[in-house]
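Notes follow once the structure below has been shown.
Keep in mind that this is a model prediction, so the values were computed, not measured. In listed order, ligands and their atoms are each counted from 1.
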Amino acid sequence: MRQNHFLSPTLRDVPSDAEVSSHQLMLRAGLIRQTASGVYSFLPLGMRALKKVENIVREEMDAAGAQELLMPAVQPAELWQESGRWEAYGPELMRFYDRHKREFALGPTHEEVITTLVRDDVKSYKKLPMTLYQIQTKFRDERRPRFGVLRSREFIMKDAYSFDTTQEGLDKSYDSMFLAYTNVFTRCGLDFRAVVADSGAMGGKDTHEFMVLSSIGEDTIAYSSVSNYAANIEIAPVVSKYEKSNEDEKPLEKFDTPDLKTIDELANSLNIDKDKLIKAVLFMVDEKPVLALVRGDHEVNDVKIKHFYHAQVVELASHEQTINYMNCEPGFIGPINVSNDVDIVADPAVEAIVNGVCGANEKDKHYKYVNSQRDFSVKDYIDLRFIKEGDPSPDGQGVIKFAEGIEVGHVFKLGTRYSEAMGAVFLDENGKSKPMIMGCYGIGVTRVLAATIEQNHDDKGIVWPTTVAPFDLHLIAVNTKNADQKQLSEDLYKQLKRAGCDVLFDDRAERPGVKFADADLIGLPLRITVGKKAAEGIVEVKVRKTDEVLEVHTDQLLNVVQDLTERLA
Ligand code: 9G3
């Protein structure tokens with residue numbers, strides 16, 4: 001491709017509204033342009049890299065026996081009403097009316113569509129198992145799109161759906177998708193971890209997220225310092241055991257704590273450790289009040305509350321809800337003398353506190369010498385705190401450390417959630433009608449591209465892994481007015497293309513400095529510079545990743561390019 005007519009507008013300056021490297025570099029190297037907030041155009045350079053990622057995904061899906069299809073972005077509301085999800089989603093679901101005033105949505109995902117497709121055309125167990133996938137544009141009206149295509153309102157996803165007759169079948173489909181995902185992310189040159197993301201017991205099998213390690217990741221991974229255990233911090237189970245101190249329980253005592261509302265204020269003024277405090281937080285769990293108790297140095301994990309109650313919505317109680325249910329304003333609430341309307345759940349660490357401190361459900365008052373069994377009752381002691389660094393790893397091996405991650409893939413065992421709702425059944429060998437057992441599997445294709453750049457760049461620009469680079473190499477004629485350089489670069493362009501190389505040929509009449517800066521910014525794996533020694537048939541080959549520079553005679557060029565490319569793979 002000749003750069004002179006190639007739409008790859010590079011920017012010298014860092015766009016002010018781009019906070020992270022991948023967003024800055026995708027704009028500066030001319031891969032994307034913003035069309036609206038959270039809505040992007042992929043320019044030719046970005047499109048070529050995107051196609052490389054898509055083809056890796058396609059190859060691995062096909063190798064796993066999945067069948068590619070394409071479903072519409074426009075989805076009729078009726079399908080979502082049938083699955084019961086139409087009301088479950090708020091403004092994130094982009095809804096619209098057609099000219100006949102019929103209601104539709106732009107698809108954020110395709111469980112409903114795929115399930116009706118299979119329901120209508122697959123009846124017998126003989127046709128199963130079957131895994132179908134698409135690579136298609138999704139729409140989710142994110143409240144705060146950010147970080148370029150890492151969190152955009154329109155994005156490309158590969159979404160796959162498996163249909164089985166038995167749970168064992170689903171386990172097999174899930175495992176083959178899991179392996180395919182491992183291959184995809186490895187081939188894209190990503191440093192990633194598959195993390196447990198399910199609600200159930202430790203090491204549960206219901207769902208895994210594939211996280212690319214990056215300091216700008218919005219997810220936190222709790223991983224073991226010695227084993228390969230890794231889980232999304234939202235669900236990582238806490239297995240710590242707590243020793244009850246053998247100090248004597250003292251009589252309960254109410255005392256004044258004027259304006260001491262936060263744990264820190266209380267701990268400082270009383271000059272006690274936070275692990276002697278009982279932190280009470282009121283939640284509305286599907287509209288029901290739940291008082292959650294954790295030790296003062298721990299944080300309540302609302303996702304664990306949501307899973308415990310199998311709830312749809314868990315929110316912090318508002319100021320007025322707190323007053324309404326606890327007869328006291330936030331900052332002084334506690335577990336003693338609580339209305340029966342309020343469930344009390346506590347983390348096991350609370351049970352081990354002896355002579356602790358908690359709110360007295362009275363303004364400016366707290367209790368001290370609080371002891372759980374004696375002074376308050378709890379509906380359940382459940383693991384409801386966030387795991388912390390240094391906690392024992394749930395698999396019993398080593399301790400927990402944290403890392404930030406970007407979620408690029410997510411695999412789920414759905415079971416019969418959609419097949420029952422939509423009537424996707426099969427007749428088994430005895431002619432008995434049963435709901436199909438489903439799994440679903442997503443890869444954020446545009447997000448993979450951005451994550452790859454997050455993990456593969458330096459201060460001069462992108463450093464493309466060879467597997468997803470938009471071109472194999474950059475060919476630069478330093479001075480297009482010099483006959484030798486012009487001739488040799490044109491000959492090499494033809495020769496390299498004939499040899500099957502994807503070449504971006506910088507034939508522009510720009511100053512050398514501009515060409516070299518652009519080449520570093522665009523970041524193709526190899527750069528061939530035709531300069532002063534063109535007359536001797538000598539060119540310079542530079543490896544973008546290592547800055548290694550070789551002087552090569554043109555009759556050795558193809559071999560050198562071949563060797564370097566293989567070494568970089
Ligand atoms: C919606 C909106 C946003 C959504 C969903 C539905 C996420 C929704 C979860 C999934 C599950 C899997 C198949 C591919 C892999 C992920 N955000 N999810 O269902 F209406 Cl607005 O998409 N789907």
Task: Protein heavy-atom partner closest to atom 6 (C) of ligand 1 - residue, atom, separation in Å - done: Y89 CZ, 3.3 Å
- [ ] Please write down residue, atom name and distance for the protein heavy atom closest to atom 16 (C) of ligand 1.
- [x] F412 CE1, 3.7 Å
TODO: For atom 9 (C) of ligand 1, state whether the nearest protein heavy atom is under 4.0 Å away.
DONE: no
TODO: Using side chain to side chain contact (heavy atoms under 4.5 Å, CB included) as the criterion, point out the one residue from K388, H298, K304 that pairs with V238.
DONE: K304
Task: Plane angle bin for H208 and Y174 - parallel if under 30°, tilted between 30 and 60°, otherwise perpendicular - done: tilted
TODO: Look at the rings of F185 and F210 and say which category their plane angle falls in: under 30° parallel, 30 to 60° tilted, over 60° perpendicular.
DONE: tilted
Any heavy atom of [X] sitting closer than 4.0 Å to ligand 1?
X    : answer
R85  : yes
F139 : no
E111 : yes

Can you confirm whether [X] is buried at [atom1], in the sense that more than 12 heavy atoms of other residues, nucleotides or ligands lie under 6.0 Å from that atom?
X    : atom1 : result
E429 : CD    : yes
Q312 : CD    : no
K127 : NZ    : no

Open item on the list: I need the atoms of ligand 1 closer than 4.0 Å to a non-hydrogen atom of L93, numbered in the order shown.
Closed with: 20 (F), 21 (Cl)
Open item on the list: Closer than 4.0 Å to some heavy atom of G442 - which atoms of ligand 1 meet that?
Closed with: 14 (C), 15 (C)
Task: Ring centers of F471, F6 separated by less than 6.0 Å - done: yes
TODO: With heavy atoms only and a cut-off of under 4.0 Å, state how T109 meets ligand 1: side chain, backbone, both or neither.
DONE: side chain
Open item on the list: Would R140 count as being in polar contact with ligand 1, using the rule that some N or O on each side must be under 3.5 angstrom apart?
Closed with: yes
Task: Nitrogen or oxygen atoms of E92 and ligand 1 under 3.5 Å apart - done: no
Task: Test applied, side chain to side chain donor-acceptor pair (under 3.5 Å); reference residue, Y418; option that passes from R85, E111, E82 - done: R85
Open item on the list: Measuring from atom 14 (C) of ligand 1, which candidate in D159, L106, D141, I114 has the nearest non-hydrogen atom?
Closed with: D159
